[in-house]
Undergrad: 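Questions regarding the structure given below will be posed in turn.
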Amino acid sequence: MARMDGVVKPKTKRSKRFLQNREAKLVENAKTAMILKGGNTSETVTHALKDVYALKKPNAVLYKKKNIMRPFEDPTSLEFFSKKSDCSLFLFGSHNKKRPNNLIFGRMFDSHVLDMFELGVDRFSSLKDIKSTKCAEGTKPMLLFAGELFHTDTEYTRLRSVLTDFFRGPTVSAVRLAGLEHVLHFTAQDGKIYMRSYRVKLKKSGCRTPRVELEEIGPAFDFVLRRTHLASDDLYKTAHRQPRGLKAKKKKNISHDTFGTKYGRLHMQKQNLDKLQTRKMKGLRKRKGGVKSGQTPPKKVINTQ
């Protein structure tokens, strides 16, 4: 690719496709997450990053080398990696004496940090620790959030939004029943956040609707919320702005009832029924005298006076 006057011009078809994939679109690509580890990490953090990467595949990039950075003090390095790998989500793992077993979930907007949440790992069970059949790679999970804090507290509400963006997977138009086999459950209670992963089993129930059972497959986390970095209201509103091409156009004179029945209203001009053309019939034809066929002509009345 050649650089002229600050504009990158592709020389090959491959570089042209690369730049077209990076440019803005009405419907953006599936959000990709980059997973990094800091300069000092523990065994718990390393296994946790690998397990989250297994949940996110194929929409994830795992950096195996250590990266010395402090996202809350200076997010420049994170923004550089985000622009390089075209990732709008990130997970950073670190470990030190002050903040042991530390995981930072966050998301980007225009290659700049939007929201960040620092979660401490109190307890962790990896995929290998729980012996059970796992879900297939790339399975779109169902997300469940339990606890009042996710609806009342501002930080927890924004954390729910970040976790939804991180684990939701690609947007699909339809889902088959057999594809609903992975559940991620988040519970906020007593100052902790519990994350559990389950596999859905559909068993015979003797009727048309199957009996549903949940089997824990891992990983399992017990988090403690430590530090947060929230975007301002103006920036958050700008990040949620939709282009005009995606906004649904309002259709006039169309309404729906509670059962989903669609009703339309037509506005017509007043019709002149005198000029209305009806069906032509032989019995309604007019004779020369102005009398329709099938009718007796009126009798003549002679005035004798």
Side-chain angles (χ1 to χ4, degrees), residues 31 33-56 60-63 66-67 69-75 77-78 81-82 87-108 113-127 129-130 141 143-168 183-198 216 218-231 236:
K31 291 186 177 182
M34 57 179 183
I35 301 175
L36 313 97
K37 56 183 178 180
N40 187 23
T41 56
S42 62
E43 186 178 356
T44 300
V45 171
T46 303
H47 287 305
L49 294 178
K50 289 181 179 180
D51 286 358
V52 174
Y53 173 67
L55 294 179
K56 278 291 294 178
V61 178
L62 178 64
Y63 288 92
K66 295 182 178 181
N67 301 278
M69 62 177 75
R70 294 179 176 84
F72 279 88
E73 283 75 18
D74 184 16
S77 300
L78 270 178
F81 280 109
S82 172
C87 295
S88 56
L89 303 167
F90 68 89
L91 173 61
F92 180 79
S94 62
H95 174 77
N96 53 50
K97 186 177 180 180
K98 187 177 181 181
R99 295 183 179 90
N101 301 328
N102 209 38
L103 294 179
I104 300 176
F105 288 87
R107 56 185 171 184
M108 301 282 189
V113 174
L114 185 68
D115 294 325
M116 283 191 298
F117 292 88
E118 187 178 71
L119 303 176
V121 180
D122 269 5
R123 192 182 72 85
F124 168 66
S125 298
S126 66
L127 288 167
D129 296 337
I130 302 175
L143 304 179
L144 297 176
F145 292 89
E148 284 189 23
L149 291 173
F150 283 129
H151 302 280
T152 56
D153 190 270
T154 305
E155 291 184 350
Y156 280 84
T157 304
R158 196 73 66 88
L159 175 61
R160 182 188 65 180
S161 177
V162 171
L163 293 175
T164 302
D165 270 354
F166 200 92
F167 292 105
R168 67 182 297 179
V183 177
L184 287 177
H185 191 276
F186 299 91
T187 305
Q189 187 178 9
D190 300 331
K192 288 189 177 182
I193 302 162
Y194 303 94
M195 174 182 168
R196 298 292 183 267
S197 179
Y198 300 99
E216 189 172 357
F221 293 94
D222 290 355
F223 291 122
V224 177
L225 185 61
R226 289 176 177 167
R227 288 189 294 177
T228 61
H229 170 80
L230 302 181
Y236 192 72

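When a residue number appears, it is its place in the shown sequence, counting from 1.
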Undergrad: Under the side-chain hydrogen bond (donor to acceptor under 3.5 Å, both in side chains) rule, collect the residues that match up with Arg160, sequence neighbours excluded.
TA: His151
Undergrad: What pair of heavy atoms forms the shortest contact from Leu55 to Pro219, and how long is it?
TA: CD1-CD, 3.9 Å
Undergrad: Has Arg168 got more than 12 heavy atoms of other residues, nucleotides or ligands less than 6.0 Å from its CZ?
TA: no
Undergrad: Is there a side-chain contact between Leu91 and Tyr53 in this structure, where contact means two heavy atoms from C-beta onward sitting under 4.5 Å apart?
TA: no
Undergrad: Any chance the side chains of Arg70 and Ser94 put a donor and an acceptor closer than 3.5 Å?
TA: no
Undergrad: Show me the pairs that pass salt bridge (Lys or Arg N to Asp or Glu O under 4.0 Å) and involve residues 219-229, at least two apart or across chains.
TA: Glu73-Arg227, Glu118-Arg227, Arg123-Asp222, Arg196-Asp222
Undergrad: Sequence neighbours excluded, which residues qualify as side-chain hydrogen bond (donor to acceptor under 3.5 Å, both in side chains) partners of Ser197?
TA: His182
Undergrad: Where do Leu78 and Pro71 come nearest, in terms of heavy atoms and distance?
TA: CD1-CB, 3.5 Å
Undergrad: When you measure from the side chain of Asn102 to the backbone of His95, do you find a donor-acceptor pair of N or O atoms at a distance under 3.5 Å?
TA: no
Undergrad: Please tell me if the side chains of Phe81 and Val61 come closer than 4.5 Å, counting only heavy atoms from C-beta onward.
TA: no
Undergrad: So, do Leu230 and Tyr236 sit near enough that their side-chain heavy atoms are less than 4.5 Å apart?
TA: no
Undergrad: Do you know the tightest heavy-atom contact between Met108 and Ser82?
TA: CG-OG, 3.6 Å
Undergrad: According to side-chain contact (heavy atoms from CB on, under 4.5 Å), who are the partners of Asp129, at least two apart in sequence or on a separate chain?
TA: Ser126
Undergrad: Rounded to the nearest 0.5 Å, how far apart are CZ of Arg158 and OG1 of Thr154?
TA: 8.0 Å
Undergrad: Hey, mind stepping through Phe92 and Leu49 against side chain to side chain contact (heavy atoms under 4.5 Å, CB included) and telling me if it holds?
TA: CA-CA 8 Å; Phe92 180 79; Leu49 294 178; over 6 Å; no
Undergrad: I want to check something: taking the side chain as every heavy atom from C-beta on, are Gln189 and Glu148 in contact at a cut-off of under 4.5 Å?
TA: no
Undergrad: Quick one: does Asp74's side chain get under 4.5 Å of Met69's, heavy atoms only?
TA: no
Undergrad: Below 4.5 Å, heavy atoms only, C-beta onward: do Leu89 and Lys56 meet side chain to side chain?
TA: yes
Undergrad: With respect to Phe166, which candidate in Phe186, Phe105, Phe117 satisfies the ring-ring contact (aromatic ring centres under 6.0 Å, His included) definition?
TA: Phe105
Undergrad: Which residues satisfy the side-chain contact (heavy atoms from CB on, under 4.5 Å) test with Val121, sequence neighbours excluded?
TA: Thr44, Asn101, Leu103, Phe124, Phe221, Phe223
Undergrad: Would you mind reporting whether Val183 and Leu144 have side-chain heavy atoms less than 4.5 Å apart?
TA: yes
Undergrad: Please list, chain by chain and in numerical order, all residues satisfying side-chain hydrogen bond (donor to acceptor under 3.5 Å, both in side chains) with Thr228, sequence neighbours excluded.
TA: Glu155
Undergrad: Do Asp165 and Lys31 touch side chain to side chain, with heavy atoms closer than 4.5 Å?
TA: yes
Undergrad: Is the backbone N or O of Lys37 less than 3.5 Å from a side-chain atom of Thr41, with the two atoms forming a donor-acceptor pair by type?
TA: no
